[in-house]
Colleague: 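The structure's right below; bear with me while I get my questions together.
Per chain, numbering begins at 1; letters A, B, ... match sequence-line order. Every heavy atom of this structure was used, including side-chain atoms; hydrogens, water molecules and symmetry mates were not.
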2 protein chains.
Amino acid sequence: MLPLSSRESARRRLLDALRREGPLARVEIGQHLGMSPATVSELTASLIDEGILMAEDSADQSPGLMRGRPKTRLYFAETLGSVVGVWTGFNRIELRLVDSAGRTRASRHVERRLRNLEAEELMDVLAQTIATFAEESGARDVKAVGLACQGYVDTRDGIVAWSPVLGTRDLPLASGLSQRLGKPVLMENDASAMAFAIAQRNADLRSGRTACLMVGDGVGLGFLIQGELYRGARFGGSEFGHVRLRRSGPQCRCGGRGCIEAYLADYALHRDAQLIDHRPAPTLLLPSEEAMSDIVGQARAGDPALLNLFHAAGEVLGDAVGILIQTLEPDHIVICGPGTRAMDLLRPSFESALESQTIPELRALATIHVVESSMDLLTEGVVMQALRDLDLDLARLKAA
Amino acid sequence: MLPLSSRESARRRLLDALRREGPLARVEIGQHLGMSPATVSELTASLIDEGILMAEDSADQSPGLMRGRPKTRLYFAETLGSVVGVWTGFNRIELRLVDSAGRTRASRHVERRLRNLEAEELMDVLAQTIATFAEESGARDVKAVGLACQGYVDTRDGIVAWSPVLGTRDLPLASGLSQRLGKPVLMENDASAMAFAIAQRNADLRSGRTACLMVGDGVGLGFLIQGELYRGARFGGSEFGHVRLRRSGPQCRCGGRGCIEAYLADYALHRDAQLIDHRPAPTLLLPSEEAMSDIVGQARAGDPALLNLFHAAGEVLGDAVGILIQTLEPDHIVICGPGTRAMDLLRPSFESALESQTIPELRALATIHVVESSMDLLTEGVVMQALRDLDLDLARLKAA
DNA sequence: TTTGTTTTATTCGTACTGTGAATAAACTAC
DNA sequence: GTAGTTTATTCACAGTACGAATAAAACAAA
């Protein structure tokens, strides 16, 4: 939250690089980050001293076909413990156990719907689910929990002001879980977490401005400036999916009408597909991947009513991206999440809507990346953020 | 453009404070900026050495009712020269001559329409206008020119990709004028310039995130993070006015339909008011302030058709602010420009549209400021930016 | 085995920035 | 005058980063 000191930021960049790239020798770190060998030596010396990093045993080297002094790679100490990342979707909870080096040790998803629960019960269930997962994954050293969900998430105070997946408003979820689990709990908006995870895997996206539109269960936006998440006044990202694009459009889970989400989200497409067949409108649950594949398959086979649905959705996506381009002028636009499964169906109307909304000079600025990512990548993002927080805590602990 | 070194940023903050507050003693600078007296002494010593600042003669002090060593205030050296700020509107050019301390020495506006001119002629006319103004204002020491206009302005290269006020596309205006005037020319999007000027006058707006929506000739957005203009990938701010909010709304100057501007800008309100009276639709010129006052007056008197116009405009304004809140989550929203003259008429529908689009928690984040500002404030913003650039150039010159 | 060659890592001296504390300066009050 | 008060400068020091020199650890060649 508070601005990082020069040292802290160098330290963070160093540890970030090690998590992304795996073990690196000091020279390599210097090349990656543009630091002098002297600086890298000094930084790594204190990180090793603090027990965060370890130096590779020179014995276990790669084949002996290289000249010169061999590299000694640095890696994260196992003793640092691990972090559990959690995503709570509409009727599913994704869990991931990650060690301090950023390697996934275990992952699982649990079918569970939280919306019908009271605040206390909800937190009990969630805490229990996390604890069970950690135990059954054989983790004895969980240092923190990172939790992402849709909606307005106050990342600083760990309060969910409103979320379509929870029944209650202004829920102090972080403190509630923290109490139950005896560990710090860090909250994040889900689209922000996804944006961060995707940027960790693509260096291009970590330079300039990247707007990451996640389409799936809902529609969210994560915005990165130079690889760091943009933070608004209170809530991390923005619930961009609830921007109202059509004054009298279809019903949205937020209570409004014509939101971006009400056209593009899985639940919306599924609901509208059911309505075409005159079947009873389903509840607003997250439809299964099979159900969605089915709809996409029928549309690809030429079902005209379904094609219309995707046409309208693509148009809304084009308008949404147009707004982002005109407001933020990003260098990169990423469209990600399960919704990309139908990108071929969305594309024609997406592109024509985008064209009709922006001048060519502006459109040419942003590279549009379509990244097929599933929701479980999301837990990776929130874990990475939690790990970085832990790094910082460790540093400040030693300093005090 | 390139990130400032620690020293450069301290230096900039110091000079910014002096321009905003007028002459300050070293202690006062320290208090304003949270710097130690030692640091301020060191910084000011080199600024005085470089001839940028001067120390007040201890003789001309204020009344002798204070104890202790008297303050010696620091001020900008007169010898540093001045800067001309220019805004090109639809049929008006605003000019302002400012000295290095940020004080306005002269200002003027010229009625002139540039849209009908070819590129070369346009630049000739503009250069001539600026030169004449500078000469007639008795400025012999103009060091730079800052130029703001509506549209997609590439601030780095000084190219106007598209502007409703110019006839040509991708016009290299900065280099063209620079050649003709023999001085560096800095370009800026007009809403960005206005946002910067307004933030210079209100300290609150310089902390956190401030989205400044300028309504007048057109509709523009300037976005500030911690008092500094947000820069997109290429163009400074964003031509937010051309976000399309209604799929089949009124015609906009950009060629599209249903843009924010097509409801809110002066030309749009004026045009639609004429249409009500079945008078021939006027050309898309900037109507005079009198004509606009007339329309507002008739609406206040109860003309139902005009009230409808303002109702629709207010609704669009509410939607626009809603989008900003949901996308950027700013701490402050500023609505400024001549369009605020009708804020009383816009307000009811503005507020209901905003309410229907955002959840209360989110709406509560942003303070909405209505700042009645005319377009001539805009030249102040662009001049301030140009002065800061000059400061930096001076510093880098000395360093090399 | 010894002596280079090559690459990696550390150490050392230096430069820059920013700070607290001590000191100097410049005035008023009595 | 002298004491008191506020402002400005100086000085010693700490933190950070860097280039250059040096040390370390391997392989290659004689």
Colleague: Evaluate A:E8 against A:R396 for salt bridge (Lys or Arg N to Asp or Glu O under 4.0 Å), listing each step before the verdict.
Modeller: CA-CA 9 Å; A:E8 282 171 331; A:R396 292 193 170 151; 2.8 Å; yes
Colleague: Name the residue from B:R20, B:E380, B:R206 that meets the side-chain contact (heavy atoms from CB on, under 4.5 Å) definition with B:R201.
Modeller: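 Going through B:R20, B:E380, B:R206 one by one, the side-chain contact (heavy atoms from CB on, under 4.5 Å) with B:R201 is satisfied by B:E380 alone.
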Colleague: Are B:L15 and B:I52 side-chain neighbours, meaning at least one heavy-atom pair lies under 4.5 Å?
Modeller: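 B:L15 reaches B:I52 side chain to side chain.
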Colleague: I'd like to check B:L394 versus B:L80 (side-chain heavy atoms, cut-off strictly below 4.5 Å). Are they in contact?
Modeller: yes
Colleague: Which residues satisfy the side chain to side chain donor-acceptor pair (under 3.5 Å) test with B:H32, sequence neighbours excluded?
Modeller: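 Once residues adjacent in sequence are excluded, B:H32 has no partner under the side chain to side chain donor-acceptor pair (under 3.5 Å) criterion.
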Colleague: If you take any heavy atom closer than 4.0 Å to DNA chain D, which residues from residues 36-45 of chain A end up in contact?
Modeller: A:S36, A:A38, A:T39
Colleague: Starting from C1' on C:dC27, measure out to CD on B:E56 and report it in whole angstrom.
Modeller: 14 Å
Colleague: How sharply is the helix from C:dT1-D:dA30 to C:dC30-D:dG1 bent, taking the axes over five pairs at either end and rounding to 10 degrees?
Modeller: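 So the angle between the two local helix axes works out to 30°.
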Colleague: According to salt bridge (Lys or Arg N to Asp or Glu O under 4.0 Å), who are the partners of A:D16, at least two apart in sequence or on a separate chain?
Modeller: A:R388
Colleague: Strictly distance-based, threshold 3.5 Å: is any side-chain N or O of A:T210 a donor or acceptor partner for the main-chain N or O of A:L205?
Modeller: yes
Colleague: Which pair of non-hydrogen atoms, one from B:S46 and one from B:R7, has the smallest distance, and what is that distance?
Modeller: OG-NH2, 4.3 Å
Colleague: I need the residues from residues 4-14 of chain B with at least one non-hydrogen atom less than 4.0 Å from DNA chain C; give them sorted by number, or say none.
Modeller: B:S6, B:R7
Colleague: Should B:R209 and B:L328 count as side-chain neighbours, where that means a heavy-atom distance under 4.5 Å?
Modeller: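 No; the side chains remain at least 4.5 Å from each other.
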Colleague: Counting primed atoms plus P, OP1 and OP2 as sugar-phosphate and everything else as base, spell out the protein contacts along nucleotides 1-7 of chain D at 4.0 Å heavy-atom distance: B, S or - for each nucleotide, 5' to 3'.
Modeller: ----BBB
Colleague: To the nearest Å, give me how far apart CE (A:M35) and C1' (D:dG19) are.
Modeller: 17 Å
Colleague: Set out, in order, the CA-CA distance, both residues' side-chain angles and the distance that settles side chain to side chain contact (heavy atoms under 4.5 Å, CB included) for A:L33 and A:V40, then state yes or no.
Modeller: CA-CA 9 Å; A:L33 306 180; A:V40 176; over 6 Å; no
Colleague: Check for a donor-acceptor pair, side chain of A:Q226 on one end and backbone N or O of A:S207 on the other, with a separation under 3.5 Å.
Modeller: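 Between the backbone of A:S207 and the side chain of A:Q226 there is no qualifying donor-acceptor contact (under 3.5 Å).
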Colleague: Expressed as a whole number of angstroms, how long is the span from A:E28:CD to C:dA9:C1'?
Modeller: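 To the nearest whole Å, that distance equals 13 Å.
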Colleague: B:L378 and B:A193: which non-hydrogen atoms are nearest, and at how many Å?
Modeller: O-CB, 3.7 Å
Colleague: Closest approach of A:V83 and A:A386, non-hydrogen atoms and distance?
Modeller: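 Closest heavy-atom pair between A:V83 and A:A386: CG1-CB, 3.9 Å.
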